[in-house]
Every structure is written in C-alpha cells, then in structure tokens.
Asks: 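First the structure, which I've put down as structure tokens, then a few questions once you've had a look.
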Amino acid sequence: MRIRIVDAFTDRPFAGNPAGVLLLDDVFPDDDWLQNVAMEVNHAETAFAHRLPEGSEADWALRWFTPVTEVAMCGHATLAMAHVLHTTGAHEGPVRFATRSGVLIATPGADGSVTLDFPTAPLTPVEIPAGVAEALGARPVAAFDTGPNVGDLLVELADEKTVLGLSPDHRALGAYSSRGVIATARADEPSRGHDFVSRCFFPNVGIDEDPVTGSAHTALAPHWSARLGRDDLTGLQASRRTGLVRTGLRGERTLLTGFAVTVLDGELRA
C-alpha cells in the first residue's frame, strides 16, 4: 500500500511537523500492526484512514498513533491526511473524519491551505505545580488544565525569549499531565507575523518535543484570544523545525488553518 510522509503546518519541505499517512482499502487492521507501522515511521504521529459507507456520519474513519501509543486527537496528522485526500483526488471538498474525539471536519482553501474544525479545549486555572519550574527551567506566571482531549498542562511564561530558551528535563515534565506540557508566551514583536509562541513537550507519548501541535492550539486559541481580545490569531510553534498555525476561536469549536507538503511517497510492503 502507499505510504506518504507529509510536513504539516508549513508551506515548505523539512519544516513543520512530519506525519505518516496511510489510506486503507477497508477496515482498520489489528492494533498491533497499526502500532508497528507507526513505530517504523517514527514520527510524532502516523494517521490511518479508510472510507466509510455512504450515509455514515462521516466520510472517512481516522486514527492516529505515535511510535508508542494511540492518541485521542491529533491536529497535524489530520491536516496531513486531508492534504493527501485532496491532492490525490481521493476526496473533494470538506471531509468529515470519524475519530475518538467525535466528527472532525477539514475544509480545503482556495490558497491550498486546510482548515480543521476541532473542539475547543476547556481551560481550567490550576495552581502552578511544585517542581514544574525546575523541570522546565523557567518559572510560569500561570498554569491551566486543558481537559481530557488535549491532556496537557498549559503554562504561560514571562516572554517569548523565555519560551525560545527552554531546555527542559523532559522526563521530569511527564509527572504533570497525561501527555505533557505546553509552554507559551505573548509574541515580543507581533509585526513579525505571529501573536503568540509555544513549545510542546510530550514525554508520556514518546515525544520529547513535538515540532508543531494542532491539538495544543485548541487550548492556546482560547487562552490568547481572551488576553489579546481577538478571535483570529496566528501562533508560532518555536521548535527547531518551526510552524505556523492560524487559529479562529468559534465558541466550543476552534478552527486551525495551515499548509502541508508531501515530501515522500512510497510503498509499504509489510
């Protein structure tokens, strides 16, 4: 079967977040096979999808696996899957995905972008956990629980420079949430094209630092929209690869818009 590697939330190869993408002919194979493929691909996520019968609540069933586990929601691999469906002609127009997080919709734009319609993460302020400043290497000014779909601790730091300079103890960060920690700050210079910055550390799912995380932006969007007074923002995820995510807060839903580039198209023989 065909296997593709797609860089998501970027308009150029070797940036953004790479995802494996496999379109299946029929139902999902057994979980061990799916997990082994994701381990072989060894990117943050590998997305698997198969077409659903006419009249179903969605067009395609979609699942995501990291190299070590299945996850409940993934933005960049959904964007990568939608990009493959649209660029190969396997699907035209908006595509509905049936997932563990409900039906998620991906809509192609005239400029080649894709907009994802995801549930907004419910943010709950929490006390800054003891030890998290030492694990991060910087002292947060606020902390939030991001709810079950995202499963992270969101921490706001003093400024962009602090976020960019983090060199955390990844293993220690695993103690603070089910997936990991999102570190964020307001952009120092919004004129450079982004309103806020973030970095995401997910040791509990085998990812020390995720290059660009769509699901995290369902929490970052309400957080920064409340502070900046605008529903439509642009976030820079400042990993080594970097990527841009345009966010649109729409109440209980968050729109995530970005580009994607296919960098590898091959054959899986296992």
Asks: Pro119 versus Asn149: any side-chain heavy-atom pair under 4.5 Å?
Replies: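 Counting from C-beta outward, Pro119 and Asn149 do come under 4.5 Å.
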Asks: Answer yes or no: does atom CD of Glu92 have more than 12 heavy-atom neighbours from other residues, nucleotides or ligands under 6.0 Å?
Replies: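 Open: at most 12 neighbouring heavy atoms sit under 6.0 Å from CD of Glu92.
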Asks: Can you check whether Val68's main-chain N or O pairs, donor with acceptor, with Thr66's side chain at less than 3.5 Å?
Replies: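 Checked: pair present.
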Asks: For the pair Thr184 (side chain) and Ser198 (backbone), establish whether a donor and an acceptor sit closer than 3.5 Å, ignoring hydrogens and angles.
Replies: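 The answer is no, because no donor-acceptor pair under 3.5 Å joins these two groups.
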Asks: Inspect the contact between Asp231 and Arg250 and indicate whether a charged nitrogen and a carboxylate oxygen are less than 4.0 angstrom apart.
Replies: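 Salt bridge: no.
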Asks: In sequence, state the C-alpha distance, the side-chain angles, and the governing distance for Asp265 and Arg2, and then conclude on salt bridge (charged side-chain N to carboxylate O under 4.0 Å, His left out).
Replies: CA-CA 7 Å; Asp265 188 342; Arg2 297 280 285 278; 2.7 Å; yes
Asks: Considering residues, nucleotides and ligands other than Asp30, do more than 12 of their heavy atoms fall under 6.0 Å from its CG?
Replies: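 For Asp30, atom CG is crowded (more than 12 foreign heavy atoms under 6.0 Å).
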Asks: Over 60° means perpendicular and under 30° means parallel, so classify the ring planes of Phe196 and Trp224, tilted if in between.
Replies: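 Trp224 vs Phe196 ring planes: parallel.
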Asks: Testing the basics here: between Glu45 and Val71, what is the closest heavy-atom pair and its distance to 0.1 Å?
Replies: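 In terms of heavy atoms, the two residues are closest at OE2-CG2, 3.9 Å.
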Asks: List the atom of Thr146, the atom of Gly151, and the distance in Å for their closest heavy-atom pair.
Replies: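 Of all heavy-atom pairs spanning Thr146 and Gly151, the closest is OG1-N, 3.5 Å.
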Asks: Tell me if a side-chain donor or acceptor on Arg246 pairs with a main-chain N or O of Gly258 at a distance below 3.5 Å.
Replies: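 No; judged by distance alone, with no hydrogens or angles, the pair does not exist.
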Asks: Looking only at non-hydrogen atoms, find the nearest pair between Ala98 and Leu52 and report the distance.
Replies: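 Minimum heavy-atom contact is CB-CD1, 4.0 Å.
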Asks: So does Arg171 get a backbone contact from the side chain of Asp169, meaning a donor-acceptor N/O pair under 3.5 Å?
Replies: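 A pair under 3.5 Å: yes.
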Asks: Determine whether the side chains of Trp64 and Thr99 contain a donor N or O and an acceptor N or O closer than 3.5 Å.
Replies: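 The answer is no; no qualifying pair exists.
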Asks: Does Arg139 CZ have over 12 foreign heavy atoms under 6.0 Å away?
Replies: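 Result for CZ/Arg139: open.
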Asks: Using a strict cut-off of less than 4.0 Å between a Lys/Arg side-chain nitrogen and an Asp/Glu carboxylate oxygen, indicate whether Asp31 and Arg63 qualify as a salt bridge.
Replies: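 Counted as a salt bridge, because a side-chain N and a carboxylate O are separated by less than 4.0 Å.
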Asks: Do Thr254 and His217 meet the criterion of a side-chain donor-acceptor pair at a distance under 3.5 Å?
Replies: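 No.
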Asks: Quick one: does any side-chain atom of Tyr176 pair with a main-chain N or O of Ala130 as donor and acceptor, under 3.5 Å?
Replies: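 At least one qualifying donor-acceptor pair exists.
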Asks: Would the distance check show the side chain of Thr218 and the main-chain N or O of Thr120 forming a donor-acceptor pair, the cut-off being under 3.5 Å?
Replies: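 No, the answer is negative, given that no donor and acceptor are paired below the 3.5 Å cut-off.
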Asks: Kindly confirm or rule out a cation-pi arrangement of Arg179 over Phe202, judged by NZ or CZ under 6.0 Å from the six-membered ring centre and within 45° of its axis?
Replies: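 Geometry flag: set, cation within 6.0 Å and 45°.
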Asks: Identify which one of Thr234, Asp111, Thr247, Thr115 satisfies the side-chain hydrogen bond (donor to acceptor under 3.5 Å, both in side chains) criterion when paired with Thr257.
Replies: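 Single side-chain hydrogen bond (donor to acceptor under 3.5 Å, both in side chains) partner of Thr257 among Thr234, Asp111, Thr247, Thr115: Thr115.
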Asks: Quick one: does Thr69's side chain have a donor or acceptor within less than 3.5 Å of a partner on Val205's backbone?
Replies: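 A pair under 3.5 Å: no.
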Asks: Taking side-chain hydrogen bond (donor to acceptor under 3.5 Å, both in side chains) as the criterion, tell me which of Asn17, Asp210, Thr10, Asp7 meets it with Arg241.
Replies: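 Passing option: Asp7.
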Asks: Keeping Arg199 on the side-chain end and Leu166 on the backbone end, is there a donor-acceptor pair under 3.5 Å?
Replies: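 Indeed, once roles are kept as given, a pair shorter than 3.5 Å links the two residues.
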Asks: If you look at every heavy atom in Leu24 and Met1, which pair is closest and at what distance?
Replies: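 Distance-wise, the nearest heavy atoms are CD2-SD, 3.7 Å.
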Asks: Using the side-chain contact (heavy atoms from CB on, under 4.5 Å) rule, pick out the option among Leu104, Thr107, Ile105, Leu256 that qualifies with Leu116.
Replies: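 Looking at Leu104, Thr107, Ile105, Leu256, the match for Leu116 under the side-chain contact (heavy atoms from CB on, under 4.5 Å) is Leu256.
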